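Step one of this worksheet: look at the structure below.
Atoms within a ligand are numbered from 1 in the order they appear, just like the ligands themselves. Keep in mind that this is a model prediction, so the values were computed, not measured. Hydrogens, waters and symmetry mates are skipped; everything else that's a heavy atom, side chains included, is used.
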Amino acid sequence: MALVSSTPLLQAAKEGGYCIGAFNVHTLEMLQAVVEAAEETRSPLIIQSTVGTVKHLGPDYIAAAATVAANRSSVPIALHLDHCSDFGTIMQCIRAGYTSVMIDASHDPFEKNVEQTRKVVEAASAVGVNVEAELGRVGGVEDDIVVDERDALLADPDECAKFVELTGVHTLAPAIGTAHGIYKGDPNIDFDRIGRIAAKVSVPLVLHGGSGIPEDQVRRAVSLGMSKMNVATELRIVFSDAIKEVFAKNPEENDPRKYMVPAKQALKAAAIEKMRLCGSIGKA
Ligand code: 13P
């Protein structure tokens, strides 16, 4: 199967009351691990890369690897660009083969966010690419985007409805209290707000900051209407820790084909666990 747009995947998730794990990957092995997790569990999959990873690897390399994965796979796979505020980079990724993009103008005032999102929606819709946008501000650190807790703002349900209507955006990431990175304590999720936003907005909603959210809280967020959950930090840690463990035991190891194997396995297991929380297992 070729890479698919995330639109039908997220629509099916919204209708079916489950969520799709969207996993940030930075290397070929990480990409292969999340694909194996999806295949083994018959789960639809969204592979994501940040702008930092696009710069690191090149959008064409990432899209080529994801395309091979999708062509070989019998589960539907979408390739998404995470948090991007640059129109040029978004177009570059779409040309390379991304089937889903996020325009993040959440740092701008509402009108400017609307204007920039609408511009991306017009261009991306013409080629069947899904567009996600953010309203409010998710706190924490994601690549070089740093949002201080004090600057994190929760999304207003009425503004969300107005934003979707004005932009025609396909998917919305409203800030509801989660943060990027590992939580110091428990996340402070405003569940009531998720419900109020879901009641006013017809498009699928995205839960950012999926690392470290306790199981019951993920389930509750999904039951209230979250259709996509982004996970980055936790996967990076699991992958790197497994590599560190190999070198701790055998500092002389110098074969990536060996030291990447436990890392891939650990990442695959972590992705399967997130798919289980999301309720996406068996939905492909
Ligand atoms: P975490 O790094 O907290 O998992 O957040 C990921 C994310 O929301 C990417 O957009």
| What are the two closest non-hydrogen atoms of Val206 and Met226, and how far apart are they? |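 In terms of heavy atoms, the two residues are closest at C-SD, 3.5 Å.
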Notebook entry, point to check: Does some side-chain heavy atom of Cys278 sit less than 4.5 Å from a side-chain heavy atom of Ile20?
Noted result: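 Not touching, per the 4.5 Å side-chain cut-off.
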query: Any salt bridge (Lys or Arg N to Asp or Glu O under 4.0 Å) pairs touching residues 210-238, not counting sequence neighbours?
result: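 Matches after skipping sequence neighbours: Glu132-Lys228, Glu215-Arg219, Glu215-Arg276, Glu234-Lys274.
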Practice item. Quick one: which residue pairs count as a salt bridge (Lys or Arg N to Asp or Glu O under 4.0 Å) with a foot in residues 248-270, not counting sequence neighbours? Key: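 Residue pairs with at least one partner in residues 248-270: Glu36-Lys264, Glu36-Lys268, Glu40-Lys268, Glu245-Lys249, Asp255-Arg257.
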One pair per line, please: each N/O atom of ligand 1 matched with every protein N/O atom under 3.5 Å away, atom names first, then the distance to 0.1 Å.
{"unit_1": "ligand 1", "atom_1": "2 (O)", "unit_2": "Thr233", "atom_2": "N", "d": "3.0"}
{"unit_1": "ligand 1", "atom_1": "2 (O)", "unit_2": "Thr233", "atom_2": "OG1", "d": "2.5"}
{"unit_1": "ligand 1", "atom_1": "3 (O)", "unit_2": "Gly181", "atom_2": "N", "d": "2.9"}
{"unit_1": "ligand 1", "atom_1": "3 (O)", "unit_2": "Gly181", "atom_2": "O", "d": "3.4"}
{"unit_1": "ligand 1", "atom_1": "4 (O)", "unit_2": "Ser211", "atom_2": "N", "d": "3.1"}
{"unit_1": "ligand 1", "atom_1": "4 (O)", "unit_2": "Ser211", "atom_2": "OG", "d": "2.5"}
{"unit_1": "ligand 1", "atom_1": "4 (O)", "unit_2": "Ala232", "atom_2": "N", "d": "2.8"}
{"unit_1": "ligand 1", "atom_1": "5 (O)", "unit_2": "Gly209", "atom_2": "N", "d": "3.4"}
{"unit_1": "ligand 1", "atom_1": "8 (O)", "unit_2": "His180", "atom_2": "NE2", "d": "3.1"}
{"unit_1": "ligand 1", "atom_1": "8 (O)", "unit_2": "His208", "atom_2": "ND1", "d": "3.3"}
{"unit_1": "ligand 1", "atom_1": "8 (O)", "unit_2": "Gly209", "atom_2": "N", "d": "2.7"}
{"unit_1": "ligand 1", "atom_1": "10 (O)", "unit_2": "Asp82", "atom_2": "OD1", "d": "3.0"}
{"unit_1": "ligand 1", "atom_1": "10 (O)", "unit_2": "Asp82", "atom_2": "OD2", "d": "2.8"}
{"unit_1": "ligand 1", "atom_1": "10 (O)", "unit_2": "His83", "atom_2": "NE2", "d": "3.2"}
{"unit_1": "ligand 1", "atom_1": "10 (O)", "unit_2": "His208", "atom_2": "ND1", "d": "3.1"}
{"unit_1": "ligand 1", "atom_1": "10 (O)", "unit_2": "Asn230", "atom_2": "ND2", "d": "3.0"}

Exercise for review: With Asn24 as reference, evaluate Thr50, Thr53, Thr233, Asp82 under the side chain to side chain donor-acceptor pair (under 3.5 Å) test and give the passing residue.
Suggested key: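 The residue from Thr50, Thr53, Thr233, Asp82 that satisfies side chain to side chain donor-acceptor pair (under 3.5 Å) with Asn24 turns out to be Asp82.
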> So which residues get pulled into Tyr61's cluster when ILVMFWY side chains under 4.5 Å apart are joined, directly or through others?
Replying inline: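 Result for Tyr61 is none, singleton.
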